**Student:** 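First the structure, then my questions, so here it is.
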Amino acid sequence: MTVVVLLGAPGAGKGTQAAILAERLGVPHIATGDLFRAAVRDDTAIGREAAAYMSRGELVPDTITIGMLLERLGRKDAAPGAVLDGFPRNREQAGALDGALVARGAQVDRAVLIEVPADELVRRLSGRWICRKEGHVYHERKHPPRKDGICDIDGSALYQRDDDRPETIRARLAQQLGALGDVIAYYRDRGVLGSVDGTVSVPDVTAALVAQVTAVPKGA
Ligand code: AP5
């Protein structure tokens, strides 16, 4: 089982890179933000509870988040591993993940921080467009679709996330960067932390990530 955790501030490019990396590694891309947005869209109990936290730019409580992630990680398609995007977001989540992986004779093989300065994060999030069908990610200037409002890959309509409004972007950055620092320290202490420059092009970030992920022998 290969488990890679992508870390980074909101807008650092975790979702963009996790999708590519997961395909290369042949494992699913599991994003707690995507799971929550699907739950909100389907109006499930988890979605109704998570929606208020997400709209304020706050982390959803661990009591909801950890169970949801572990349930997804326990499904058959994740038996060979996963690229995790947006989880863990604090020490408690990191500990719960370790506990679940140890029970399966596995561990987090690599946690890679995608580093991007704060002013660039705001520019990225406010210009982001996402496809309704598969979540493919675009940026109106840096990575525009060939046809406005339409996904290049599957032809579905593009939309902007509710939490990408300027005031919610500011709240997300203010509320979540402290906890991100704790998770970075957690993986540094375990000797599995790497980092890449997230300000270069998408293919260049991918190349640096692949180098980080393949540099560490499994189980090291
Ligand atoms: P989540 O969906 O995880 O959002 P996030 O962490 O804020 O991250 P984003 O998805 O906004 O950004 P990203 O790093 O994936 O960047 P992207 O690739 O899209 O979480 C949403 C909410 O759910 C949270 O606020 C919280 O409420 C809740 N939640 C989720 N997980 C939780 C957890 N574990 N615990 C508690 N609560 C949780 O890229 C951004 C933009 O930049 C795009 O437009 C893209 O095209 C562009 N871009 C990407 N790479 C580059 C590049 N190299 N150069 C130029 N542009 C680039």
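When a ligand or atom number is given, it counts from 1 through the structure's own listing order. Just so it is clear, the structure is predicted and the values come from calculations on it, not from any experiment.
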**Student:** Would you mind checking which non-hydrogen protein atom is closest to atom 54 (N) of ligand 1, with the distance to 0.1 Å?
**Tutor:**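 Nearest protein contact, heavy atoms only, for atom 54 (N) of ligand 1 is Arg124 NH2, 3.3 Å.
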**Student:** Any idea which atoms of ligand 1 are less than 4.0 Å away from a heavy-atom of Arg172?
**Tutor:**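 Numbered from 1, ligand 1 contributes 4 (O), 5 (P), 7 (O), 9 (P), 11 (O).
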**Student:** Just let me know how Trp129 lines up against ligand 1, side chain, backbone, both or neither, with a heavy-atom cut-off below 4.0 Å.
**Tutor:**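 For Trp129, there is no contact with ligand 1 at all, from either part.
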**Student:** For atom 8 (O) of ligand 1, what's the nearest protein heavy atom and its distance?
**Tutor:**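 Going atom by atom, the protein heavy atom closest to atom 8 (O) of ligand 1 ends up being Lys14 NZ, 3.2 Å.
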**Student:** Can you tell me which portion of Ala18 lies within the under-4.0 Å heavy-atom range of ligand 1? Options are side chain, backbone, both, or neither.
**Tutor:**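 Answer for Ala18: neither.
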**Student:** Return the residue, atom name and 0.1 Å-rounded distance of the protein heavy atom closest to atom 49 (C) of ligand 1.
**Tutor:**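 The closest one turns out to be Thr16 OG1, 3.6 Å.
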**Student:** Ion pair present between Asp154 and Arg132, side-chain N to carboxylate O less than 4.0 angstrom?
**Tutor:**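 A salt bridge is absent here (no side-chain N lies under 4.0 Å from a carboxylate O).
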**Student:** Is there a heavy atom of Leu69 sitting under 4.0 angstrom from any atom of ligand 1?
**Tutor:**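 The answer is no, since Leu69 has no heavy atom less than 4.0 Å from ligand 1.
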**Student:** Give yes if a backbone or side-chain nitrogen or oxygen of Pro10 is under 3.5 Å from a nitrogen or oxygen of ligand 1, and no if not.
**Tutor:**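 No: no nitrogen or oxygen of Pro10 is under 3.5 Å from one in ligand 1.
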**Student:** Just heavy atoms, cut-off under 4.0 Å: does Glu58 contact ligand 1 by side chain, backbone, both, or neither?
**Tutor:**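 It is the backbone that touches ligand 1; the side chain stays farther off.
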**Student:** If you measure every N or O of Val137 against every N or O of ligand 1, does any of those distances drop under 3.5 Å?
**Tutor:**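 By distance alone, the answer is no.
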**Student:** Of all the non-hydrogen atoms in the protein, which one sits nearest to atom 20 (O) of ligand 1, and at what distance?
**Tutor:**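 Looking only at protein heavy atoms, the one closest to atom 20 (O) of ligand 1 is Arg89 NH2, 3.4 Å.
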**Student:** Looking only at protein heavy atoms, identify the closest one to atom 19 (O) of ligand 1 and say how far it is in Å.
**Tutor:**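 Its nearest protein heavy-atom neighbour is Arg128 NH1, 2.6 Å.
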**Student:** At under 4.0 Å between heavy atoms, is it the side chain or the backbone of Lys142 that contacts ligand 1, or both, or neither?
**Tutor:**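 Contact part for Lys142 vs ligand 1: side chain (C-beta onward).
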**Student:** Measure Asp163 to ligand 1 on non-hydrogen atoms and call it side chain, backbone, both or neither using the 4.0 Å cut-off.
**Tutor:**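 Only the side chain of Asp163 comes within reach of ligand 1.
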**Student:** With heavy atoms only and a cut-off of under 4.0 Å, state how Thr199 meets ligand 1: side chain, backbone, both or neither.
**Tutor:**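 Contact part for Thr199 vs ligand 1: neither.
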**Student:** Considering heavy atoms of the protein only, find what lies nearest to atom 4 (O) of ligand 1 and give residue, atom and distance to 0.1 Å.
**Tutor:**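 For this ligand atom, the closest protein heavy atom is Arg161 NH2, 3.2 Å.
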